[in-house]
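Below is one structure, written out as structure tokens; comments come after it.
Read the numbers this way: they start at 1 and go in the same order the structure lists the ligands and their atoms.
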Amino acid sequence: MKRRSFLKRLAEIPVLGFLWRHLLSPTESAGGPASASFRRVRPSDPSWPTAASWEKLKQDVGGHLIKVESPFTACESSLESASCQEVIKNLRNPYYIGDQAGATQSTGWVDAWISAPSVYAVAAKNTDDVVAAVNFARENNLRVVVKGGGHSYQGTSNAADSLLIWTRAMNNIVLHDAFVGRGCEGSQAPQPAVTIGAGAMWIDAYNAVTTVAGRYVQGGGCATVGVAGLIQSGGFGSFSKNFGMAAAGLLEAEVVTADGAVRTVNACNDPDLFWGLKGGGGGSLGVVTKVTLRTHELPAFFGIVGATITAVSDAAFRQLIGQFLGFYAESLFNPRWGETVTFRPDNTLSIAMLFQGLDRKQAEDVWKPFLAWVARSPAELLLTLAPGIFSQPARKMWDVEFLKKNAPGMVFTDYRPGAPESHMWWASNQGEVGIFWHGYESLWLPASLLEKEQQKQLADALFAGSRYWRVSLHFNKGLAGAPVDAVAASRDTAMNPLVLDAFALAIIAGGGPPAYPGVPGHEPNPTVARQQATAIAKSMDELRKIVPETGSYVSESNFFERSWQRSFWGANYSRLKTAKAKYDPTGLFFVHHGVGSEDWSPDGFTRY
Ligand SMILES: Cc1cc2nc3c(=O)[nH]c(=O)nc-3n(C[C@H](O)[C@H](O)[C@H](O)COP(=O)(O)OP(=O)(O)OC[C@H]3O[C@@H](n4cnc5c(N)ncnc54)[C@H](O)[C@@H]3O)c2cc1C
């Protein structure tokens with residue numbers, strides 16, 4: 001298949017045609033340049049940089065300018081070719097995806113976005129490369145995209161007709177015994193910390209900080225998420241109920257702002273920009289080149305509790321939900337316990353809780369009363385997966401050798417020749433590798449719902465929601481119940497303060513297999529996708545009924561969220577806008593539902 005006809009086929013797919021036209025030729029859909037005050041340039045515009053200009057940029061970045069191709073270039077001649085099939089197979093490996101300038105970890109979202117390669121990428125090796133790319137984009141009026149781990153659900157690290165600043169190779173890691181931010185000498189006590197290149201993945205950080213050095217750094221749950229992307233969106237890991245949000249651990253960042261300046265920001269330098277980077281959303285305020293994060297003493301143990309319980313009737317499921325909520329409020333609502341339970345339409349409760357600081361016996365004692373209650377009703381409640389409670393030395397949490405030996409089904413590793421041995425991903429994340437989203441809703445649930453007299457209405461809402469779709473509660477993504485210092489540090493971020501009073505984040509989401517428009521056998525099914533999106537929305541409506549003030553956080557949320565400014569940042573949004581106006585007055589950095597994006601067309605090319 002020739003390139004032109006291959007791409008044309010993508011555009012002709014009826015449901016995706018709208019998106020394709022919208023994303024690739026959106027000047028018309030944005031009302032056209034005549035009605036706009038400012039428009040960025042595309043390759044079809046006369047003012048697109050000349051070949052000589054691109055060549056000059058290439059020299060300025062040490063040769064690290066690359067022409068970006070769709071991963072499916074290999075499929076243009078034949079979908080059956082070995083090279084095409086190899087690509088399709090590898091696109092289930094998150095490390096392979098991360099190594100492609102033209103790919104993203106989600107393949108798209110129905111009626112929202114489809115992964116599209118940039119025209120060029122600066123595969124930055126250092127801060128100077130980033131500065132050169134930022135200056136080039138500003139001077140030539142280009143649409144810029146910044147990509148680290150490529151995990152954005154919202155599609156904010158890809159855009160057609162753009163210049164990509166790709167930080168993948170900037171992944172150096174240095175540990176400090178006594179770090180003090182630049183300019184904070186005398187006002188800040190030295191503390192243990194780690195400096196991490198913006199393009200590093202969390203697995204690299206965990207390997208260096210925990211497996212090698214025996215300490216803890218608060219990052220995300222998914223091993224392949226990018227460090228800088230997660231920090232800027234707040235960031236929660238399995239143990240955030242004890243250590244707080246990942247962004248709250250930020251001590252200092254190096255950032256290239258729209259004027260091309262390299263700034264070392266912290267509580268003492270550019271504190272407004274520093275604050276904005278802590279949860280204000282990635283890709284809006286500048287390009288972060290490295291971050292320094294607080295490290296903590298490692299607990300002795302990390303552990304997991306897994307079980308699934310299926311109720312034989314609706315009445316028994318209602319009772320089970322109520323009993324679990326009472327048990328959670330009484331015994332698990334504290335810094336030791338995080339992660340997830342899911343209430344399913346087939347009346348199943350799935351439990352996948354993680355704990356820290358308890359050994360196996362202590363964890364078993366915590367769960368005894370609840371499991372005994374379940375065991376008393378064997379005819380009503382079936383243990384479809386018998387309870388398993390395991391604990392391990394915390395230092396082994398991300399130790400691939402240990403995990404392969406002791407929990408072989410839980411991890412996959414990057415199988416490509418030369419891949420670092422530490423590069424694993426959790427089997428539980430496999431379903432999201434390459435996912436094409438159908439719907440995604442999230443909502444913080446206030447801790448007041450756990451009060452005894454409120455538990456019934458929460459149980460009723462969870463039951464009602466689970467009639468439409470599976471409802472998950474992520475207890476580690478709400479900070480009610482966390483230690484005072486973790487809450488205080490998280491308060492000093494741009495995140496919506498609702499997170500501080502939430503005991504959990506409810507996530508209701510679904511998607512299909514990787515979707516590659518134009519690749520037969522791998523195309524999205526929009527009819528099914530939209531049906532599921534409707535069911536997901538109805539499910540969340542049941543929870544919204546009992547939550548007076550709704551909010552969520554930017555990275556795990558609905559692409560179509562209407563009042564996103566209030567939802568993601570609450571009263572902090574005006575302060576974020578002030579920082580945006582100061583550090584990026586012309587709006588060089590644009591992402592969907594990012595700070596200041598309401599001033600732009602949905603594709604970020606036209607300023608209203
Ligand atoms: C499978 C999966 C699991 C996840 N699990 C968790 C979880 O456990 N906890 C959690 O909190 N979140 C989780 N997330 C959400 C994730 O943290 C966010 O999507 C995060 O922003 C991704 O960062 P990234 O660098 O990987 O992605 P990217 O798509 O590269 O970047 C995300 C955003 O940040 C911007 N950005 C990236 N790097 C920079 C930089 N150096 N400077 C400026 N802007 C930058 C991008 O422009 C983009 O807008 C998960 C996502 C996926 C897909």
Derivation of the side-chain hydrogen bond (donor to acceptor under 3.5 Å, both in side chains) call for Thr224 and His151: CA-CA 8 Å; Thr224 53; His151 281 65; 2.9 Å; yes
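- For the pair Lys477 and Tyr553, the cation does not sit on the ring face, since its NZ or CZ is not both under 6.0 Å from the ring centre and inside 45° of the axis.
- Taking the six-membered ring where tryptophan is involved, the planes of Tyr440 and Tyr153 are tilted, since the angle between them lies from 30° to 60°.
- By the 6.0 Å and 45° rule, Arg42 stacks over the aromatic ring of Phe605.
- Protein residues with a heavy atom under 4.0 Å from ligand 1 are Val146, Lys147, Gly148, Gly149, Gly150, His151, Ser152, Tyr153, Thr156, Ser157, Thr167, Ala198, Gly221, Cys222, Val225, Gly226, Ala228, Gly229, Leu230, Gln232, Ser233, Gly235, Phe236, Gly282, Gly283, Gly286, Val287, Val288, Glu432, Tyr553, Ser555, Glu556, Val591.
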request  = Please test Ser162 against Ser118 for side-chain hydrogen bond (donor to acceptor under 3.5 Å, both in side chains), starting from the C-alpha separation and ending with a verdict.
outcome  = CA-CA 5 Å; Ser162 66; Ser118 299; 2.8 Å; yes
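- Proximity of Arg143 to Asp161: side-chain heavy atoms (C-beta onward) are nowhere separated by under 4.5 Å.
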